[in-house]
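To keep things clear, I will list the structure first and then write my remarks on it.
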Amino acid sequence: MKHAATRQVTRAAHALRAYEQVAFSGEPSLLQHDRIHTEALLAALICDLEHYANHHGIAFSNAVSAGRAIHAEENADQPTYTLGDQVRLTRQSGRCGTIIDWKNLAPDDQTHFLIDVPGVPFVYAEAATHLAPAPPFPPTATNLGTVTHANQAAQTYTSIAARLPSTAEPTRRALQHDAHKLLDALSSWSGITITQLRDGLAPPPQRKSTTQT
């Protein structure tokens, strides 16, 4: 699902919520629960705005046409991202990562995308204006199949690293070769050093089993 990262949507939601509170004073809001209610409320607001324009001698059709033109212009200029998109963080030395979520941050309620960068122990939160499309992740052939996405490469590397201690030769050597190839691909794509990737993607330590007597 595509998600438009715009403050305009937030402002419109505030306006529609305020209109609902006046139109249905004392009633619980249905904006987030009933699509038919929301569409009817939006239509009623547009109708009242036209009454307002006519009352004050304003050309409502001209205002609507201008609004649509501005909307089309903004949509043409504004990047749109969704879950799983691979992006470059322009304020973070051009590091590349994958969008895993988004949220609105105070004080301006602007949408920020949450970016997972391989090997980094925290998640970046960046507005769309500070993102750009990342180059495609280099397809990397391994014994487990060809990896074509950064998140897939990170997960595959962690899985291989967890298997290595208990794997005998010659399979162990083949897995080590795959692990090195994945680290090289992740480093060249993300901008994170191999050492940091190795540390950040290391599998969690296994708990020692205990037996009761």
Side-chain angles (χ1 to χ4, degrees), residues 1-14 32 70-142 144-164 175-205:
M1 180 183 66
K2 292 292 182 181
H3 179 81
T6 62
R7 283 175 289 182
Q8 290 91 330
V9 173
T10 301
R11 292 201 298 264
H14 289 166
Q32 302 298 323
I70 294 171
H71 176 264
E73 189 174 316
E74 289 176 345
N75 277 353
D77 294 338
Q78 182 168 325
T80 301
Y81 299 105
T82 189
L83 291 178
D85 281 355
Q86 298 183 143
V87 293
R88 182 169 56 84
L89 290 73
T90 59
R91 296 197 306 171
Q92 307 298 335
S93 303
R95 291 180 168 183
C96 293
T98 304
I99 293 177
I100 59 173
D101 204 352
W102 55 73
K103 63 181 179 180
N104 289 342
L105 300 180
D108 59 3
D109 270 344
Q110 184 176 6
T111 300
H112 283 65
F113 292 93
L114 305 185
I115 318 296
D116 176 39
V117 175
V120 175
F122 55 86
V123 173
Y124 289 97
E126 294 286 351
T129 52
H130 298 136
L131 298 176
F137 184 81
T140 306
T142 73
L144 302 177
T146 299
V147 175
T148 58
H149 195 281
N151 275 8
Q152 182 189 10
Q155 293 167 5
T156 301
Y157 171 82
T158 299
S159 175
I160 289 174
R163 291 175 54 186
L164 280 173
L175 289 178
Q176 286 176 326
H177 182 65
D178 285 347
H180 290 315
K181 288 170 62 178
L182 290 168
L183 286 178
D184 286 341
L186 282 167
S187 180
S188 65
W189 179 82
S190 67
I192 305 299
T193 66
I194 288 179
T195 299
Q196 188 175 353
L197 283 166
R198 187 182 291 113
D199 293 341
L201 299 178

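For this chain, numbers begin at 1 and follow the sequence in order.
With values rounded to the nearest 0.5 angstrom, Tyr124 atom OH is found 10.5 Å from Asp116 atom CG. Remark: Leu131 CG to Gln86 CD distance equals 13.0 Å, nearest 0.5 Å. Distance check: Gln155 CD to Leu182 CG gives 11.5 Å after rounding to the nearest 0.5 Å. To the nearest 0.5 angstrom, Leu186 atom CG is 9.5 Å from Asn151 atom CG. Distance CD1/Ile160 to CG/Leu201: 11.5 Å, rounded to 0.5 Å. Distance CG/Leu183 to CD1/Ile192: 12.5 Å, rounded to 0.5 Å.
The backbone N or O of Gln196 sits nowhere less than 3.5 Å from a side-chain atom of Asp199 that would complete a donor-acceptor pair. Panel note: side chain Thr90, backbone Arg88; no donor-acceptor pair is recorded below 3.5 Å.
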task: For side-chain contact (heavy atoms from CB on, under 4.5 Å), just list the numbers for Ile99 and Leu114, CA-CA rounded to whole Å, side-chain angles, deciding distance to a tenth of an Å, and then say yes or no.
output: CA-CA 6 Å; Ile99 293 177; Leu114 305 185; over 6 Å; no
query: Going through the distances and angles, do Val117 and Phe122 end up as a side-chain contact (heavy atoms from CB on, under 4.5 Å)?
result: CA-CA 8 Å; Val117 175; Phe122 55 86; over 6 Å; no
field: Evaluation steps, side-chain contact (heavy atoms from CB on, under 4.5 Å), between Arg95 and Val120
entry: CA-CA 10 Å; Arg95 291 180 168 183; Val120 175; 3.9 Å; yes
- prompt: Thr98 and His149: side-chain contact (heavy atoms from CB on, under 4.5 Å), yes or no, with the steps?
  reply: CA-CA 9 Å; Thr98 304; His149 195 281; 3.5 Å; yes
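Residues Phe137 and Ala153 share a closest heavy-atom pair of CZ-CB, 3.5 Å. Shown here for Leu197 and Pro118, the closest heavy-atom pair between the two residues is CD2-O, 3.4 Å.
Under the salt bridge (Lys or Arg N to Asp or Glu O under 4.0 Å) criterion, Arg91 pairs with Glu126, sequence neighbours left out.
Among residue pairs with one or both ends in residues 177-195, those qualifying as side-chain hydrogen bond (donor to acceptor under 3.5 Å, both in side chains) are Asn143-Asp178; sequence neighbours excluded.
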